[in-house]
Amino acid sequence: GLAIKAKSPFAKTIVVENSNSYCGYIPTKEAFAPCSDLYESSLCFHSCLVPEAGEILQEEALQIMQKLIKQ
């Protein structure tokens with residue numbers, strides 16, 4: 001969420017999570033590393049997502065925002 005807010009083309013951006021049909025917690029790519037000491041690493045065990053899922057969602061969100069700002 002912080003990366004989306006930092007790169008958002010809007011003056012104010014709010015990232016909403018766990019809404020509608022959410023897929024659960026999305027760990028960072030770094031947390032999936034075998035030697036990760038990040039607190040998120042324990043959450044990766046239960047994630048059914050690929051390690052790049054967070055980056056993919058971030059890029060998609062930013063592309064949608066770019067389209068919206070051009071309208």
Side-chain angles (χ1 to χ4, degrees):
L2 293 175
I4 291 172
K5 290 166 75 170
K7 295 178 180 180
S8 172
F10 298 101
K12 294 184 180 185
T13 301
I14 298 171
V15 178
V16 178
E17 59 180 303
N18 296 340
S19 62
N20 300 328
S21 298
Y22 75 99
C23 59
Y25 185 76
I26 303 170
T28 61
K29 186 176 179 181
E30 294 79 21
F32 278 96
C35 59
S36 174
D37 61 349
L38 299 171
Y39 77 96
E40 301 174 298
S41 60
S42 62
L43 301 170
C44 294
F45 179 74
H46 300 289
S47 176
C48 297
L49 304 171
V50 295
E52 298 82 12
E55 292 173 353
I56 293 168
L57 289 170
Q58 174 185 322
E59 286 304 314
E60 290 294 324
L62 291 170
Q63 287 179 16
I64 291 169
M65 285 188 235
Q66 287 298 329
K67 288 178 183 177
L68 289 172
I69 199 114
K70 291 178 183 177
Q71 291 184 357

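In this chain, residues are counted from 1 in sequence order.
Phe10 is not connected to Ile14 by any chain of hydrophobic side-chain contacts under 4.5 Å among Ile, Leu, Val, Met, Phe, Trp and Tyr, and they are in different clusters.
The distance from atom CD of Glu59 to atom CD of Glu55, rounded to the nearest 0.5 Å, is 8.0 Å.
In plain terms, the two heavy atoms of Ile4 and Ala61 that are nearest each other are CD1-CB, 4.0 Å. Of all non-hydrogen atoms in Lys5 and Val15, the two that sit nearest each other are CG-CG2, 3.8 Å.
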Please determine whether side-chain contact (heavy atoms from CB on, under 4.5 Å) holds for the pair Gln58 and Leu62, giving the CA-CA distance in whole Å, both sets of side-chain angles, and the decisive distance to 0.1 Å.
CA-CA 6 Å; Gln58 174 185 322; Leu62 291 170; 4.0 Å; yes
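Other residues, nucleotides and ligands contribute at most 12 non-hydrogen atoms within 6.0 Å of the CG atom of Leu2.
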